[in-house]
Structure formats: structure tokens, C-alpha cells
Amino acid sequence: MNKTGLAFSGGGVRSAALSSGVLRRLLHKNITPDYLSCVSGGGYTGTAYLDWKYRNEQKDDPGWHKEFFDNMRRNIGLFCNWRNPLKGIFDTFILLTVILFVSVVLSCVNWSGLAFPTAYIIDYFFGDIMRKPFTCPDEKTKNFSSSEIANNSNVAALSNMTNQVECVPTFGPDVYVTFITFAILFLLFLLFYVVNKVAGLLLKPFANVLYNLLGFTFAMVFLPWFIEEYIVVTPLWLNALIIVLSILLWMGIAPLRDKASMALIVYLYAYAVKWRVYKTEVLSIEYSEQRFTLLMWISAILIWLNPFVVMLQMNAIHTYNRWRLQKSFYSPESTGATGCSGITCQDVFPVCTCTCVESPAEKLNRPLTLEDLSGMSPEYICNLTVNEWRLTPSLREPLFALLTMAPSGIERIDNFQGNKQFENRLHPNDIKLSEAMATSAAAVSFHMGQYESDIDPVQSLQIIFGLGMGKSIVAEPQRCPGSTLIITILIQLILVVPIIGLPIIPLLGGSEAWNQRAVIFFVVFLCLLTLIALLPTGAENPGYLETFVRWCVVHIHHVRFIREVFEVVNVGPTPPPILQLSDGGHVENLGLLPLLKRRLQKIVVIDGGEEGEGGPGTDLLSAIKKGREKLRISFTGMDGRDIYEDLRAKFIDRPPGKQPRSYRFKVEYFDYTDEGEEEKVGEGEVLYIVPRHPGHGLSAEREEWGKSTDEVKIDINIKDELWGSGPEMEADEVDRLTYCCCECCHRSLLQYLSGSCCGVFPNHSTANQFFTPTMFAAYHREGYRVCMEARVVDFLGK
């Protein structure tokens with residue numbers, strides 16, 4: 001309890017720059033805390049510092065310190081470095097190419113594979129019912145094909161036939177059967193929507209699947225009929241209007257609202273079903289059995305490739321972001337010439353099990369893992385959010401929790417049972433330092449923790465376009481990886497065999513019975529995979545069935561995909577077979593909770609996050625609340641006043657010009673005795689510091705680098721032309737800073753536009769990752785300044 005900790009909060013490159021100034025001040029004063037807890041952007045600075053320190057014999061030295069900070073300033077343009085215009089153009093081209101490839105090309109490949117098998121299955125089960133409301137020229141095909149019309153030499157007959165090419169809607173008993181089918185499917189969909197809302201934790205996954213399946217089936221039966229009934233005889237502009245209004249209607253129906261962004265996929269599938277069922281043109285493409293057969297074969301190939309395409313889509317942006325981050329900030333020994341060192345095929349395709357034999361030189365310069373940092377001070381703590389995991393069946397427990405990764409171990413923040421949750425599953429040696437840093441910075445991901453409700457309307461759109469930087473890590477022991485890969489490929493082949501067989505059966509002279517068997521086999525096999533995906537995992541001592549389910553989740557993509565789409569939750573103390581990880585700020589953005597759990601005596605928190613609606617201190621209030629709930633910690637002001645009132649009076653509600661950069665408060669640690677009673681086991685202090693605009697914070701005399709009141713000047717070799725003459729800044733120095741990634745854009749004329757779009761110093765938007773060296777230097781100076789004003793050196797040095 002006599003140890004100290006330092007927390008670098010989330011906040012993108014803004015927090016990284018601010019934290020770097022604080023770090024520089026501490027290094028100048030030879031202050032090294034025992035722990036360094038990092039979230040998101042704070043991890044850019046924290047992990048880069050530890051990487052450089054490891055490469056310099058694990059010793060601090062002013063020589064490499066200067067090189068380290070100069071390197072951060074020089075490379076702060078992570079995605080578009082416009083110091084060199086040609087390089088800026090190239091970086092922009094690469095960034096746009098990655099986004100377009102992931103969101104457009106891979107999305108089309110990923111989601112088009114099941115369109116035509118879906119059309120065949122809907123036609124097989126519902127085709128006759130869907131065609132009943134129409135009277136068509138040919139009872140067998142329900143329409144004329146263009147080839148039949150073209151081959152008719154009788155001009156009069158041709159004229160008569162072309163007038164009847166469109167199927168004509170009729171009313172009668174057949175129409176009633178169709179409408180009754182629509183009504184039954186829709187009512188069943190509504191019924192299971194209600195069941196899904198009231199179902200308990202064990203039944204919820206099954207109810208969720210049935211309600212989504214019935215909703216999809218209703219859409220695939222009703223929409224093609226609706227399109228054939230109305231849209232094919234209306235102008236193009238009216239077609240577009242009908243589709244837009246239909247999507248708005250979709251969003252207006254409560255059961256469909258959270259899936260509204262899936263409407264586009266549903267409509268595309270509906271046109272494929274219409275093309276098959278009614279055999280009428282779609283986008284001027286005429287239907288023929290040969291075309292449909294070819295598309296079915298292509299679908300089989302796409303379904304077989306689907307696992308690899310999805311893995312590439314889900315990991316591409318994360319891998320690109322990790323590459324840019326480590327290339328910009330890590331030491332040359334860790335990144336190599338291109339910055340790609342440590343990024344392998346396994347990062348994009350986790351099923352790859354090949355590992356390369358490292359030479360002694362490669363082992364020396366290989367990328368660091370968390371275990372490599374073992375024994376080095378400060379001990380690094382990475383803050384992540386693990387999603388879709390509850391320890392108990394209670395619906396009141398969130399679906400997410402804070403997960404910490406450190407050289408000493410990996411665990412959830414609420415693990416108090418003493419059991420090693422990841423023993424024999426995941427080890428610090430399995431986690432690369434840059435991978436932990438990039439995952440902790442996955443602000444946009446498929447799972448958003450406490451911000452999940454904010455993205456519900458667009459979450460399915462995120463999944464469709466692969467717009468996420470989260471990371472999936474296998475937390476299951478890997479046995480016989482080579483044979484496992486072969487089994488996985490065989491299962492994929494079994495799934496696509498019926499799709500390949502459907503078009504071939506008629507060519508081989510097979511009867512309709514074989515078509516029925518192929519369709520039934522495909523549906524039953526898919527249902528079996530779905531059932532496996534819905535089975536529970538997470539028991540403390542998994543049995544044979546649960547062990548088998550966990551193996552399937554890891555190695556059979558369709559099981560994993562179904563589990564992901566239907567949000568099946570892992571319930572129990574055993575970690576999920578695949579950890580769905582995202583930004584640690586999705587639980588707690590300061591990185592304070594892991595330090596409180598270790599019951600440290602002195603903790604310094606650097607808040608470089610974006611101001612919430614409550615102003616500075618919003619994230620601190622949230623962390624205090626979580627510390628009370630999860631860690632049984634009491635918080636009070638330094639004079640014993642209630643923490644909320646003390647924080648408001650001394651820090652939040654201060655007028656401009658008198659806003660302090662720091663706030664200090666007490667913590668009291670409690671634990672349970674053997675008798676089950678709570679008792680106080682220790683106490684500590686937390687120093688919370690934030691940046692301020694020069695015109696809002698407390699005024700001070702301009703000081704040189706390395707000097708403050710009653711201190712002796714230190715020769716720290718900082719170039720004034722790069723970093724300024726000292727940490728103290730004037731208002732006009734920061735007011736001209738805009739959001740643009742070019743130095744030439746820092747002009748006062750653009751500050752109003754910048755302020756409305758991306759904020760102003762010291763609260764430029766976290767979404768703005770296009771920092772310039774000048775912006776980095778300003779936040780770096782403010783970090784150094786706030787460290788001086790808060791007397792962090794004295795606080796940690798006592």
C-alpha cells in the first residue's frame with residue numbers, strides 16, 4: 001500500500017500529447033511510479049515509452065528521452081503526415097483505399113454469398129403461394145422468357161404474347177391463401193418479438209433467433225410479392241421513392257427499428273428472390289436457368305470463402321491502425337524498416353497456425369510482448385473492455401466489464417475470488433505490446449460497452465460494412481492446430497456441397513426428390529450449427545458438451561458468426577472462448593480503477609479525455625461511482641467533505657481565470673473479514689489533473705523548461721524552436737490551432753470554423769486524429785505545465 005501509480009486516460013492523440021508532457025516532467029525529476037495504467041490514446045505514450053526503455057537496457061537516460069519525445073512530435077500525423085506533401089497524398093490514398101476495400105468490396109463479397117441460395121429456398125417452400133395471386137401466360141414458368149418470344153416467328157402471335165408478358169394480379173381464393181400466409185408469418189414474428197423481450201437469460205438466445213428468422217422469412221416472402229405487384233409497373237423515380245418510404249416504415253416498426261440498417265441487405269435479397277420466383281427482369285437482367293445455376297456455383301465459392309473474408313474485414317482496420325501507431329511511436333528495433341514487424345498473417349486470419357522459427361538476431365529485435373516487460377518499472381496495465389460476458393445469470397449485470405492486461409496477469413476488474421481466470425488459456429506472453437495498445441484504442445467497434453445503446457440504430461450497419469477497430473482474441477487452449485484446420489475446412493465444404501449440388505442434380509438426371517434432400521440437408525445442417533452457437537458456455541467446470549461447443553465457436557466460423565449476430569452471452573466465471581475486446585474507455589476512461597484495486601497510496605490521474613456535458617470532472621465522477629460499486633472504496637475530500645460537493649465547489653464550478661488544473665481527494669480501501677464483515681484495510685490519495693486554456697486556468701509567470709518555484713534549473717536540452725521557450729503559453733499561441741493536418745492551416749482566420757467542427761484547445765475533438773507537430777507541442781507543453789502547477793513531483797516523491 002506504499003506504492004504509487006500514474007494513469008494516462010483515453011482521448012486519442014490529444015491525450016497522448018498531454019500525457020507526454022507529464023511524463024517528460026517526471027523523467028526530468030527522476031520520478032518513476034510503480035504502475036502505469038493506460039487507456040486508449042494514453043497508451044500511445046505509455047507503451048511507446050516502455051518500448052523505448054526496454055530497447056535502452058531498461059534504463060532511463062536523457063539522451064534517448066530527447067530522441068523519444070522528438071520522434072513522437074515528428075510522427076504525430078498518424079494517418080496523414082503532411083510535412084511532406086507527397087507522403088501526405090500517399091498516406092491519404094492508403095487510408096481511403098483501406099476504408100473502401102473493407103466497407104465496399106469485402107461487404108459485397110461477404111453478404112452476397114447467401115442471396116441466391118436464399119432465393120432458391122424461398123422459392124422451394126413458398127414459391128407456389130407467392131405466385132398464386134398472379135395470372136401468367138405460362139402456367140409452368142409463370143412467365144415468358146425473352147428467348148421464347150424471340151424464337152416465335154409469328155408476328156401476330158408475338159405481338160399478342162408481348163402484351164401478356166407481365167403477370168396480371170387477380171383476386172380470388174388463391175389470393176386469400178397468400179394473404180393468410182403473410183399474416184401468419186407476421187403474427188409469429190410479433191409473437192416471438194414479445195417472447196424475446198420477456199424471455200429469461202437461458203431462453204433469450206433461442207427466442208432471439210426465432211424472432212429474427214421469422215422476420216427475415218416474412219420479409220423474403222412479402223417484399224418480392226410487393227415488388228412484383230407494384231414496383232415493376234412504376235417509373236424508376238417512383239421505385240426509389242417506394243424503397244425509401246419502405247425503409248422509413250421499417251424504422252417505424254419497433255421490432256425492426258434496431259435492425260433498420262439491415263434493410264438494404266433485405267431489399268437486395270428480396271430482388272434475388274423475386275428474380276427466381278417470378279422470373280422477371282431485375283435491372284434489365286433477364287432470368288434464365290443457366291444464369292441462376294452459374295450464380296449458385298459462385299455463391300457456393302463465396303460461402304466457402306466467407307470465414308476468411310469476414311476475418312479480413314473484421315481485422316483489416318484494426319491491423320492498419322496498429323501498424324500506423326507502432327510505426328509512428330515505437331522504437332526502430334520494434335517496428336523494422338516498414339513498421340510492420342510483429343504483424344503476421346495470424347493478425348488478419350486468426351485460423352492461421354503457422355509460426356516461423358526466429359534467429360537469435362530476430363529474437364533480440366522482435367516486437368515486445370507483455371511478458372517481456374515483467375520486472376520493469378513502472379508496471380504497465382492495459383485497460384480493455386471485454387464484451388458479451390456475464391459472471392452471473394442476472395440481467396442487471398452489464399454485458400461488458402473492464403479487463404486488465406499486465407505482465408503480472410490478465411483478469412476482469414471484478415474478479416475477487418482469487419482464481420486465475422485465464423490460467424492455461426491466455427498468458428501475457430500471448431499478447432504483443434502494440435496489439436494491447438491498439439485494442440485499448442478501438443474507440444469504434446462492434447461492441448461499445450456503456451455506449452452500446454448510443455449506436456443501436458447503426459450497429460448492424462457497422463457489422464455490414466466492417467467499420468470497427470475492435471479485436472477478437474482466442475482464449476481457448478489450442479491443441480493439434482494442423483488437424484483442427486483440416487477439420488474446419490471439411491466442415492466448410494460440407495456446408496457448401498448442397499449449394500453446388502442443387503444446379504448439378506437436374507443436369508445429371510436427378511429427380512425432384514434429390515433436390516428436396518439437398519435443400520433439407522442444407523437447412524438442417526445450418527440449423528444444427530445455429531443450435532450449437534446458442535448453447536451456453538462459461539461454466540466453471542465445463543463438461544464434454546460445453547467443451548465441444550467452445551471448440552466449435554473457435555474453429556467453425558458460421559457458429560462464431562451466428563453467435564456474434566444474435567449476441568449470445570457467455571455466462572459464468574470461465575472466459576468466453578473468443579474475447580470480444582474494445583476500447584477500455586467504454587467502461588472507464590481514466591484508467592483509475594485498476595490502480596484503486598491495487599490499493600495504492602498515491603495515484604496521479606491525467607485526464608486528456610473529451611469534456612462531457614458536465615464539464616471537467618465528468619469522467620472522474622463516473623470512475624468514483626464505479627469504484628464504489630465494484631471495489632468497495634470510499635471517497636472523500638481532503639477535509640472530509642462529501643466527494644461530490646467538494647469536487648463541485650473546488651474544481652468544477654470555478655469561473656474562467658480561476659480554474660485550477662488539479663483536484664486532490666482521499667480514498668479509503670475496505671475488504672471483507674473472515675466473518676463476512678467489512679473493515680477498512682488502508683487509505684490513499686488521488687491527484688486528478690486536467691489541461692486548461694491559458695485564459696481560463698490560474699495565471700503564473702512564464703518559466704523555463706525544467707524549472708519551477710524554489711527549484712534549481714536543470715539542463716534538459718529542449719530546442720525552443722520545436723517545443724517553445726517554456727511550458728507556459730499565451731492565449732494567442734493556442735487559439736490559432738485548428739483541426740487541419742497541415743501546419744499552414746494554423747491561422748486565426750480558421751479558428752471559428754475549427755471550433756464549431758472539432759473544438760478548440762485544450763478540447764479538440766477526440767475524433768480529430770489529424771494532429772500536427774505544432775498541436776502536439778502545445779498539448780505537450782500544457783501537460784508539463786499542469787504537472788508543475790499540481791506539484792506532481794512532490795506528491796509522488798513523498
Side-chain angles (χ1 to χ4, degrees), residues 105-131 140-143 145-148 213 216-217 219-221 223-225 227-228 264-310 489-530 556-558 561-562:
V105 177
L106 294 184
S107 294
C108 292
V109 173
N110 183 29
W111 290 95
S112 60
L114 282 171
F116 295 100
T118 298
Y120 188 96
I121 293 172
I122 293 296
D123 180 42
Y124 183 82
F125 287 105
F126 298 98
D128 290 337
I129 295 175
M130 295 168 67
R131 287 186 286 262
K140 181 178 180 181
T141 64
K142 298 297 179 185
N143 208 341
S145 67
S146 298
S147 60
E148 291 174 318
L213 179 61
F216 181 74
T217 303
M220 289 300 97
V221 174
L223 287 178
W225 171 85
I227 293 170
E228 184 67 22
L264 181 61
I265 297 295
V266 169
Y267 271 102
L268 292 176
Y269 275 43
Y271 273 96
V273 173
K274 169 199 171 305
W275 197 55
R276 169 67 182 183
V277 172
Y278 299 106
K279 300 179 175 60
T280 51
E281 291 183 354
V282 172
L283 299 177
S284 301
I285 300 176
E286 298 176 356
Y287 177 86
S288 70
E289 289 295 333
Q290 292 80 6
R291 284 197 181 101
F292 191 79
T293 298
L294 176 62
L295 290 172
M296 286 287 281
W297 286 338
I298 294 175
S299 296
I301 296 173
L302 294 179
I303 292 174
W304 188 79
L305 292 175
N306 183 258
F308 307 99
V309 174
V310 171
I489 293 174
L490 288 176
I491 292 174
Q492 290 293 118
L493 287 174
I494 293 173
L495 183 63
V496 301
V497 162
I499 305 299
I500 299 174
L502 286 173
I504 296 178
I505 289 173
L507 299 178
L508 299 178
S511 64
E512 182 66 19
W514 281 102
N515 281 341
Q516 295 177 358
R517 292 166 187 162
V519 171
I520 292 173
F521 177 83
F522 178 78
V523 173
V524 169
F525 191 70
L526 199 58
C527 289
L528 178 62
L529 295 181
T530 303
I556 303 178
H557 165 73
H558 290 89
F561 180 75
I562 292 168

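These figures come from a predicted structure and were not determined experimentally.
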Minimum-distance pair of heavy atoms, taken over all atoms of [X] and [Y]:
| X | Y | value |
| --- | --- | --- |
| K274 | E281 | NZ-O, 3.3 Å |
| L106 | V309 | O-CG1, 3.8 Å |
| A219 | P224 | O-CD, 3.5 Å |
| A272 | A119 | O-CB, 3.5 Å |
| V277 | G127 | CG1-O, 4.2 Å |

If the plane angle is over 60° it's perpendicular, under 30° parallel, otherwise tilted; pick one for F292 and Y287. tilted
Should the ring pair W304 and F308 be called parallel, tilted or perpendicular, given that the plane angle runs from 0 to 90° and is split at 30 and 60? tilted
Calculate, to the nearest 0.5 Å, the distance between atoms [atom1] and [atom2] belonging to [X] and [Y] respectively.
| X | Y | atom1 | atom2 | result |
| --- | --- | --- | --- | --- |
| L302 | L114 | CG | CG | 9.5 Å |
| L268 | C108 | CG | SG | 8.5 Å |
| Q290 | L295 | CD | CG | 11.5 Å |
| R131 | E228 | CZ | CD | 11.0 Å |

Are H557 and I491 close enough, and set up right, to give a side chain to side chain contact (heavy atoms under 4.5 Å, CB included), and what steps lead you there? CA-CA 10 Å; H557 165 73; I491 292 174; over 6 Å; no
Are any of the side-chain heavy atoms of [X] and [Y] separated by less than 4.5 Å?
| X | Y | answer |
| --- | --- | --- |
| V273 | M130 | yes |
| T118 | F216 | yes |
| I303 | P117 | yes |
| W275 | I285 | yes |
| H558 | N306 | yes |
| I301 | W297 | no |

With side chain to side chain contact (heavy atoms under 4.5 Å, CB included) as the criterion, how do I121 and F522 come out once you've worked through the C-alpha distance, each side chain's angles and the decisive distance to 0.1 Å? CA-CA 10 Å; I121 293 172; F522 178 78; 3.7 Å; yes
Please evaluate residues V221 and F125 with respect to the criterion side chain to side chain contact (heavy atoms under 4.5 Å, CB included), reporting the C-alpha separation (whole Å), side-chain torsions for both, the decisive distance (0.1 Å), and the verdict. CA-CA 10 Å; V221 174; F125 287 105; over 6 Å; no
Has the side chain of Y267 got a donor or acceptor atom that lies under 3.5 Å from a matching backbone atom of L223?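 Such a contact is absent between Y267 side chain and L223 backbone.
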Side-chain donor/acceptor of R276 to backbone N/O of F116, under 3.5 Å: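 It does not hold such a pair.
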